[in-house]
Structure formats: structure tokens, C-alpha cells
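Okay, so here's the structure we're looking at.
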Amino acid sequence: MKNMKVPLLDLGIQLAGLREKMVAAVTEVIDSTCYIMGPKVEALEEEVARYCGSPFGIGVASGTDALLASLMALGVGPGDLVLTTPYSFFATMGAVLRLGARPLFVDIDPVSYNIDPVALEQALAEDPARTARIKVVLPVHLYGQCADMAAIMKVADHYTIPVLEDAAQAIGAACPMVENGRVVWRRAGSIGVAGCFSFFPSKNLGGVGDGGMITCQDPQLTEKIKIIRVHGGAPKYHHGVVGGNFRLDPIQAAVLSVKLPELDGWHQARRDNAALYNRLFDEVGLAGDQLTLPIAVYRDSPREAGAYPDYHIYNQYVLRVKNREKLMAFMANAGIGVEIYYPIPLHRQQCLAGYGYERVSYPESERAARETMALPIYPELTDAMQEYVVDRIAAFYADPTNREM
Ligand SMILES: *Cc1c(COP(=O)(O)O)cnc(C)c1O
């Protein structure tokens with residue numbers, strides 16, 4: 001097979017198709033002289049809230065600020081615990097620590113990489129005094145697939161702890177919930193009390209810089225977050241609480257409004273790419289549930305097959321692989337971009353040294369950090385590129401020594 005370059009992500013193709021509209025939208029902001037908040041931000045808030053099926057949207061400066069402002073509004077502070085996953089991007093935990101609170105971790109499910117709802121239930125039942133300190137349950141919809149929200153909401157409701165969704169990687173992902181005895185599909189960020197989104201350029205909906213959004217179910221919490229977004233000033237210059245500058249840039253909002261109508265098409269293209277990888281790995285005998293083989297990522301559309309539990313938007317397509325470091329060097333040499341999300345689980349991060357997390361272990365998170373590798377999955381990837389990627393992985397594992405751990 002002919003050598004080619006396959007980058008992990010290529011934003012240039014998407015840009016080419018939308019460049020004119022994006023430049024026009026940005027120019028409009030510049031010419032308006034309205035550079036803070038204003039109609040572009042309000043329009044995007046309304047559009048994203050509608051897209052997610054949530055009543056309110058609050059534009060913020062990043063996914064990180066979405067988490068921070070939401071946790072502040074939920075009253076998280078020193079002495080509090082936030083129940084979350086140890087296998088996520090650092091921002092999930094960083095927002096908790098910046099408020100003087102501590103993460104209480106629950107291990108992940110090894111197939112979805114999302115927080116294990118059974119372990120979550122056990123953690124809440126284990127120690128009532130500790131559970132009383134848990135202010136928020138913070139699941140992450142990792143790689144674009146919803147955590148098991150039906151189970152998580154049930155347990156959190158039982159303990160009356162609010163659920164904040166870290167949906168930074170999962171805008172438009174959906175999962176089944178049971179409401180009044182029937183199954184309804186709900187989008188990420190519209191299930192818990194609020195959802196946090198990131199428009200970092202590599203997310204499925206990315207800006208031309210940083211940006212974020214909070215979707216919220218509750219009008220009072222929405223109002224609180226909006227006040228916290230502007231230093232806690234309400235009215236202006238009267239500060240009942242301490243907030244920050246968490247505002248979304250209208251230039252980003254203008255660009256994102258141009259891109260949002262394309263989002264479902266991009267999701268579908270990523271899903272098609274994932275299905276093609278799965279098929280190609282099957283064909284070369286490399287897909288399986290056992291770790292003798294790289295594991296292709298799960299499940300398909302609920303619209304096509306009722307048995308499948310979610311609508312995955314594939315922000316990442318992640319395999320478990322044997323001999324990862326050697327394979328990564330092999331792939332780099334073949335001109336293919338691969339990446340590890342994430343090589344160190346949160347409870348092993350150095351900034352937690354001395355907090356007592358050395359004594360705990362979350363085996364599935366630690367194993368995922370050791371074994372996983374993401375492949376290019378962006379919408380414009382061609383079939384030939386994917387065939388090349390799979391061909392190279394097959395070539396690597398054709399050497400039997402590479403199949404050993
Ligand atoms: C990207 C991301 C964030 C942070 O978003 P930024 O916009 O980069 O601040 C938070 N949580 C998760 C899971 C993410 O992937």
C-alpha cells in the first residue's frame with residue numbers, strides 16, 4: 001500500500017468550505033464595535049441550548065471556565081468533595097481543586113471509559129459522613145459518548161446531589177433516559193442540572209480559539225452563573241459574590257454560529273469513519289474484546305439498532321493496543337498521527353502529591369492510561385487514509401513478537 005500522510009486532525013478542509021462565511025461573520029463583529037458579549041453571544045447561547053435540548057445557554061470563555069463557573073454557582077468550596085472520574089482531561093479535576101475542594105474518584109467502565117455507575121453507587125453508600133460532603137457528581141462524557149446517565153441520575157437523585165455533566169467532548173451525543181415510564185433520548189448537557197461544553201478547536205464543534213458554553217435546566221442557577229461570569233457584579237459594581245471574567249468572545253460566537261448547522265453532518269461522518277475502522281479491523285482479524293487484539297470502539301446508532309445504548313459522536317476513536325509505545329513509533333514513522341488520551345490518570349498527577357491519593361488505586365483507569373491510543377477520526381478522513389492506517393497496524397501485528405505484551 002502506498003505511503004501517505006494521515007494527520008491526527010486536519011482543520012483545513014473544513015475551513016476551506018466555510019471560510020467565506022466565517023470571515024464575513026467575524027468582520028461583522030469587528031465593524032459593529034460591540035466586542036464584549038452582545039447579540040452574537042446571545043444568538044449562540046440560544047442556538048446551542050436549543051441544539052442540546054436545554055432551556056438555557058450561558059456562553060463562557062472555555063470549557064474549563066464552564067466547569068469552574070458552574071461549580072462556583074453550585075457552591076463548591078473548601079472541605080467539599082466532587083465525585084468524578086480519574087480518567088479525563090485535567091480540567092475536570094483542575095476546576096475542583098481551584099475551588100479548594102477535592103475530587104473523590106470512582107473508577108471507569110473498561111468498555112466505555114466512562115465512570116462506572118455500579119462503583120459510583122457503592123462509593124455513595126460506603127461512608128455516609130463522606131457522602132454528606134459530596135457537593136456535586138461530575139461525570140464526563142469521554143471521547144463523545146455519554147456516561148450511563150440513567151443510572152447516574154437515579155443514584156444522585158437518591159442522595160439529592162446535583163449532577164453536573166462535563167460534556168466538553170460530547171456536544172450532540174445522546175443517551176436513553178426513562179421519563180414517565182417511556183424511553184426518551186436526551187442530549188449530553190440536558191440531563192443533569194447543567195452541562196459544560198468546550199469549543200476548543202479539536203472538539204467536534206470548535207472555534208478559532210478558546211470558547212465554551214454551559215447549558216442549564218434551572219433558571220435560578222442560570223442567573224447565578226451569569227452573575228459569576230461577570231465578577232459576581234449584579235447590578236454592575238455591586239458584588240454580592242466573587243466571580244470572574246468568564247465571558248465568551250463574540251468573535252468566537254460568530255464563528256460557532258456559522259459552524260453549528262454543519263455539526264450533525266460532521267458527527268455522521270465521524271460515525272461512518274468509526275464504522276469503517278471497525279469493519280476494516282474485523283477484516284484483518286484485529287478487532288476483538290480480548291487484549292490479544294486492538295479493540296475497536298463499540299456500538300452504533302440507536303436509530304439503526306434499538307439494542308445499542310447511545311449515540312456516540314466520536315470526538316476520539318480509541319483503541320486498546322498491545323505494545324503501545326512501539327506501535328506509536330511505528331505509526332509516526334508511517335506518517336500517521338496518533339495520540340494518547342490520557343497517559344496519566346488524574347489521581348496520579350503530581351499536583352495531588354501529599355493529598356493522600358497515593359494510597360488509592362483505580363485499576364481500570366490505570367490500565368486505560370497504559371493501553372489506549374487514539375487514531376485520526378476527523379470527518380474529512382478518506383477511505384483510502386483509513387485503509388492505510390489499518391494496513392499499517394496490521395503490518396505491525398504481523399510480527400508475532402509485537403502481539404506479546
Ligand atoms: C477540552 C476539555 C475540557 C476543557 O475545555 P477547554 O475549552 O479546553 O478549557 C474539559 N473537560 C474535558 C473532558 C475536555 O475534553
Side-chain angles (χ1 to χ4, degrees), residues 8-9 11 41 44 48 52 57-72 76 82-99 103 105-106 108 112-115 136-147 149 152 163-173 188-189 192 194-215 225 229 244-249 251-253 255-256 259 270 312-318 339-347 349 351 365 368-369 372 374 377-378:
L8 185 66
L9 175 65
L11 293 171
V41 171
L44 186 75
V48 171
C52 294
I58 306 139
V60 289
S62 66
T64 303
D65 281 352
L67 289 162
L68 187 61
S70 301
L71 292 172
M72 287 170 88
V76 171
V82 173
L83 204 159
T84 191
T85 166
Y87 192 59
S88 180
F89 178 58
F90 179 76
T92 309
M93 169 172 90
V96 174
L97 292 171
R98 285 168 69 185
L99 294 173
F105 294 118
V106 166
I108 55 168
S112 69
Y113 304 105
N114 281 321
I115 200 163
V136 173
V137 172
L138 176 57
V140 178
H141 306 312
L142 202 69
Y143 303 145
Q145 182 184 34
C146 285
M149 289 304 289
I152 293 167
V163 175
L164 178 67
E165 300 171 63
D166 183 340
Q169 301 181 5
I171 188 166
C196 300
F197 294 91
S198 165
F199 304 127
F200 187 83
S202 68
K203 305 289 158 95
N204 284 31
L205 178 64
V208 291
D210 280 306
M213 183 74 67
I214 301 161
T215 52
I225 295 170
R229 176 172 64 176
N245 172 0
F246 300 135
R247 295 179 297 252
L248 175 63
D249 186 329
I251 287 182
Q252 299 304 331
V255 166
L256 291 160
K259 288 181 144 195
R270 285 171 181 267
H312 195 322
I313 62 152
Y314 289 98
N315 181 241
Q316 302 296 344
Y317 179 90
V318 172
E339 184 63 275
I340 303 170
Y341 303 107
Y342 298 90
I344 305 171
L346 297 177
H347 63 288
Q349 289 296 342
C351 65
S365 299
T372 57
I377 190 70
Y378 62 88

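Just so you know, ligand 1 is whichever comes first in the structure, and atom 1 is the first atom listed for that ligand.
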Quiz item: Heavy atoms, side chains only, cut-off 4.5 Å: are Met149 and His141 in contact?
Solution: yes
Quiz item: Do the side chains of Cys351 and Phe90 get nearer than 4.5 Å, heavy atoms only?
Solution: yes
Closest non-hydrogen protein atom to [atom], residue and atom name please, with distance?
{"atom": "atom 11 (N) of ligand 1", "value": "Asp166 OD2, 2.9 Å"}
{"atom": "atom 1 (C) of ligand 1", "value": "Lys203 NZ, 1.5 Å"}
{"atom": "atom 15 (O) of ligand 1", "value": "Gln169 NE2, 2.8 Å"}

Distance filter under 4.0 Å to [X] heavy atoms, resulting ligand 1 atoms:
{"X": "Val140", "answer": "13 (C)"}
{"X": "Ala91", "answer": "4 (C), 10 (C)"}
{"X": "Ser62", "answer": "7 (O), 9 (O)"}

Quick check: closest heavy atoms across [X] and [Y], and the distance to 0.1 Å?
{"X": "Val41", "Y": "Asp249", "value": "CG2-C, 4.4 Å"}
{"X": "Gln252", "Y": "Val208", "value": "OE1-N, 2.8 Å"}
{"X": "Tyr143", "Y": "Gln169", "value": "N-OE1, 2.6 Å"}
{"X": "Cys52", "Y": "Phe197", "value": "SG-CZ, 3.7 Å"}

Could you say whether the N/O atoms of [X] and ligand 1 ever approach to under 3.5 Å?
{"X": "Ser198", "value": "yes"}
{"X": "Phe200", "value": "no"}
{"X": "Thr64", "value": "yes"}

Quiz item: What is the ring orientation for Tyr113 with Tyr87, classed by angle as parallel under 30°, tilted 30 to 60°, or perpendicular over 60°?
Solution: tilted
Quiz item: So is Ser88 in contact with ligand 1, going by heavy-atom distances below 4.0 Å?
Solution: yes
Exercise. Supply the atom-to-atom distance Thr85 OG1 to Ile108 CD1, rounded to the nearest 0.5 angstrom.
Key: 6.0 Å
Practice problem: Determine whether the side chain, the backbone, both or neither of Ala168 has a heavy atom under 4.0 Å from any heavy atom of ligand 1. | Solution: side chain
